[in-house]
*Asks:* 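I have a structure here, written as structure tokens, and I will follow up with some questions on it.
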Amino acid sequence: MVKNSIKVYARLKPEQNRKSIVNYQVLHRPKENLEEDFLVLVSPVQRIKDYPDNRPESWNFSFFRIFEESATQEDVFESVARSVVESALDGYNGTIFAYGQTATGKTYTITGSLENECRGIIPRTLQFLFDAIQKRPENVYSIEVAYLEIYNETGYDLIDRKHQRDFAVTRLEDLPRISIREDEAGKLHLKNLTFYCVKNLEDAFELLVLGDHNRVTADTPMNPQSSRSHCIFTIVVSTKKFGAEQYKRAKVHLVDLAGSERVYKCSITGTILTEAKHINLSLHYLEQVIVCLGQESAGHIPYRNSLLTSILRDSLGGNCLTTMLATISLCAFNLEETVSTCRFAQRVALIRNDLKLNLETDIQSENALLRAENDRLKQQIKALTRQTISEELTAADKKNLDHKIGSFLESNKQVIWDYNPKKVEYCFESFKRAFELSKDPKCYLKKLEYYKDLVIQRDKEISLLIDRMKRERNQRSTQLNDDRFTTNNIENDNQKMIQNSLSNRTPLKKQKRKPKISNETKPDCSTNVYDNDPTSRNKSISIDTFMPELLPCNIVNLTLSDLTEDKDQAIDQRTGDKTDDTNQQSLRKSERGQKNVKKKHNHNNQIESKVKQQSPVELSSAKAKIVTREASFVEADYSAPIYQKFLSFSANNPETPLILQENKAERDDFERKSNTEAKDKQFEDSLPLTGDPEIDEEIIAFYKAKRSGGIY
Ligand SMILES: Nc1ncnc2c1ncn2[C@@H]1O[C@H](COP(=O)(O)OP(=O)(O)OP(=O)(O)O)[C@@H](O)[C@H]1O
């Protein structure tokens with residue numbers, strides 16, 4: 001428990017009429033170690049020298065801080081209220097009350113208006129609280145507000161939302177009456193006063209405006225809008241560390257007292273006079289309490305004398321960080337009241353409160369806090385879900401999910417799933433795709449995968465054919481060279497020419513690009529290039545070494561001559577491909593040029609027939625099928641994952657080219673067996689046919705080629 005004296009501030013009301021101002025002086029912290037400002041008021045009374053005059057010539061009052069006429073609402077809030085509200089966030093009660101003569105600016109200071117510049121302590125406190133809550137995410141807060149009015153010693157709830165009315169409250173009697181109850185522990189309870197939980201600043205402002213609207217005001221000689229009651233705006237701040245069980249609960253009372261007024265000065269009557277009497281009486285009781293609290297020996301404190309002192313019991317001499325703001329008029333006409341206000345402030349400054357942390361167990365507050373905690377958690381879940389939804393899956397995520405789906409389908413192992421909506425969506429999409437593939441034979445994905453595979457196959461086939469053509473051409477050149485050595489009918493002029501050409505031979509790289517079918521098969525060239533000179537022979541043999549890019553070709557069923565010279569007609573018939581016309585014309589030309597070299601033809605035919613015997617040509621009606629000699633050369637499994645992934649057809653079928661046998665005899669045997677009708681039918685049934693006859697024909701041909709280890 002900390003002993004804390006009440007801090008007292010003074011605010012001087014700006015006066016329009018400077019001539020009527022009393023002679024005064026404000027001294028801000030006149031001594032270094034003195035944490036006080038001083039207000040010196042000089043009496044304007046003319047002294048009569050004939051007899052002793054005991055009236056003081058001046059008054060000197062100390063305040064914690066004095067706000068001069070130029071002080072803004074923000075200055076007042078920062079000095080007077082900020083520390084109190086901050087303490088409330090940490091669990092300490094606080095009270096700020098404005099006391100002063102009527103029309104000196106109590107309501108202006110405590111409430112002001114809702115416009116930015118003129119906002120008083122209440123709206124600024126609410127703003128500060130909600131801003132501070134945002135900055136302390138480790139805690140959960142609940143803010144409740146209540147607005148009480150004490151009019152003619154009766155309490156009213158200014159915020160009455162419980163009763164739905166079609167009309168605005170015009171009579172005070174329409175508002176709920178407040179009564180005080182005291183429990184066994186001596187704790188006060190205000191019956192009928194409702195605390196409203198506010199979630200944001202707008203809610204709080206709405207209640208404040210509603211309460212202000214219901215306040216009793218009157219046009220008095222001193223103030224055209226005088227508050228005829230004491231008003232207490234209470235904010236309850238409950239604080240709980242996120243996840244903790246204990247919580248703190250602090251009350252902040254922001255009190256706008258009704259202004260004291262000298263009835264004889266104002267010549268008031270009727271209701272206003274009655275109101276003034278009640279106001280002055282309750283202020284008198286307040287003063288009594290404060291005087292008692294200021295006396296160290298005082299035993300009994302008369303709190304129960306009035307509703308106001310009963311309610312402010314904790315704020316005065318109890319567990320509360322209390323601050324008083326005295327509003328002061330500098331008008332000479334009001335000097336008496338100003339001095340009275342300052343004297344009251346001096347007494348209040350003597351009061352010491354026992355400040356302690358409020359660790360509450362109140363069920364209502366706990367409920368409010370738990371609700372606030374719940375709301376916060378809901379918001380967090382929302383934010384997290386929104387975040388994960390907006391995050392796109394990476395390629396690695398998708399790969400990982402594919403793996404999970406695979407292991408889920410293939411084993412009984414329990415899979416740990418991620419509760420990420422994007423991932424769940426991806427899994428559903430995968431299953432849906434697989435389901436559609438199995439259900440709809442015309443599914444475009446199925447076709448797409450098939451065509452993708454086909455394109456890969458075709459690329460492979462083209463590269464093999466090119467290699468094969470180059471190799472055949474190379475072999476043929478070598479054979480032609482051999483033939484030319486045996487004919488021995490070369491002219492001497494030509495020999496010289498060849499020698500010259502060999503001596504001026506172009507560099508290796510250029511020669512690599514030289515071999516072209518059209519150039520090579522020119523009759524003049526071929527007869528002139530070669531002679532029986534051993535040196536030139538050696539050089540012609542080394543043509544092989546000029547073509548290192550030619551890979552060993554495994555295509556044995558289709559020879560170069562099939563594609564180029566003598567077999568052009570046969571190829572044309574077999575493949576049905578008529579696009580090679582231009583190529584064949586050039587080949588025929590070269591053939592005509594070589595007719596005089598008969599031996600060469602015979603020799604070529606012999607070699608080709610030998611090759612044909614080794615590996616027969618297989619040609620389908622529509623496309624040529626090229627069978628490979630070595631299975632290892634064919635990357636037969638490059639399309640396997642696609643089919644494994646989407647189609648029921650197994651890529652691990654023993655009939656697939658993956659295990660193509662190396663032994664030719666065995667392979668022939670395998671092919672013979674697989675060509676039986678029964679096997680064909682069974683095989684075709686297992687294929688992923690689409691129902692489109694054109695595509696199905698292609699698919700069957702494609703898989704047959706794969707099955708036999710060839711390339712489609
Ligand atoms: N510091 C100030 N700056 C500008 N205007 C002020 C200031 N203080 C008071 N006023 C103006 O003086 C008038 C009276 O102020 P206010 O109603 O707040 O006095 P009050 O002390 O609450 O009076 P009452 O006790 O009768 O309710 C208002 O019009 C208010 O705008």
Side-chain angles (χ1 to χ4, degrees), residues 9-18 20-21 24 26 39 63 65-81 96-124 147 149-152 158 172 208 211-233 254-263 265-268 271-284 286 308 324-331 333-334 337-338 340-342 344-345:
Y9 295 81
R11 186 177 193 181
L12 309 183
K13 187 196 167 188
E15 286 294 340
Q16 303 292 335
N17 187 1
R18 304 306 295 175
S20 64
I21 288 178
Y24 80 99
V26 176
L39 175 69
F63 295 90
R65 185 173 167 187
I66 298 169
F67 299 101
E68 293 198 54
E69 291 163 278
S70 57
T72 62
Q73 295 281 66
E74 192 182 349
D75 293 338
V76 175
F77 173 80
E78 287 296 322
S79 296
V80 178
I96 299 168
F97 69 94
Y99 177 95
Q101 187 194 357
T102 182
T104 48
K106 294 183 292 299
T107 308
Y108 178 82
T109 304
I110 294 292
T111 309
S113 70
L114 292 183
E115 288 149 36
N116 267 347
E117 287 288 296
C118 298
R119 278 184 185 178
I121 287 174
I122 298 175
R124 283 174 195 271
Y147 210 171
E149 179 176 61
I150 303 169
Y151 176 75
N152 292 350
L158 285 176
L172 208 58
L208 175 64
D212 276 340
H213 176 79
N214 290 338
R215 275 179 77 165
V216 180
T217 56
D219 186 356
T220 65
M222 295 286 284
N223 187 356
Q225 216 181 354
S226 175
S227 313
R228 309 311 293 160
S229 57
H230 308 297
C231 285
I232 304 172
F233 189 87
L254 302 171
V255 189
D256 177 12
L257 295 174
S260 58
E261 52 198 337
R262 301 283 184 217
V263 176
K265 268 190 182 178
C266 309
S267 59
I268 48 175
T271 317
I272 297 176
L273 180 63
T274 317
E275 287 167 357
K277 280 180 189 169
H278 276 110
I279 291 167
N280 288 343
L281 188 64
S282 63
L283 289 174
H284 168 72
L286 178 66
L308 179 70
M324 176 192 155
L325 185 92
T327 53
I328 289 167
S329 164
L330 291 172
C331 185
F333 178 72
N334 296 323
E337 288 81 4
T338 300
S340 168
T341 302
C342 290
F344 180 85

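Note that ligands are numbered from 1 as they come in the structure, with each ligand's atoms numbered from 1 the same way.
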*Asks:* Run through ligand 1 for me and note each protein residue having a heavy atom under 4.0 Å from it, chain first, then residue number.
*Replies:* Arg11, Lys13, Pro14, Gln101, Thr102, Ala103, Thr104, Gly105, Lys106, Thr107, Tyr108, Asn223, Ser226, Ser227, Gly259
*Asks:* Taking the six-membered ring where the residue is Trp, are the ring centres of Phe233 and Tyr147 under 6.0 Å apart?
*Replies:*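 Judged by ring-centre distance (under 6.0 Å), Phe233 and Tyr147 do meet the cut-off.
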*Asks:* Among Thr327, Asp212, Asp256, find the residue that satisfies the side chain to side chain donor-acceptor pair (under 3.5 Å) test when tested with Thr107.
*Replies:*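 So the option named by the test is Asp256.
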*Asks:* Can you name the nearest heavy-atom pair linking Phe344 to Met324, along with the distance?
*Replies:* CD2-CE, 3.6 Å
*Asks:* So which heavy atom on Arg11 is nearest to which on Thr109, and how close?
*Replies:*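 In terms of heavy atoms, the two residues are closest at NH1-OG1, 3.0 Å.
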*Asks:* Ser229: what forms a side-chain contact (heavy atoms from CB on, under 4.5 Å) with it, not counting sequence neighbours?
*Replies:*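 Partners of Ser229 by the side-chain contact (heavy atoms from CB on, under 4.5 Å) criterion, ordered by chain and then number, come out as Glu149, Tyr151, Cys231.
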*Asks:* Just to verify, which of Gln101, Glu15, Lys13 counts as forming a side chain to side chain donor-acceptor pair (under 3.5 Å) with Asn334?
*Replies:* Gln101
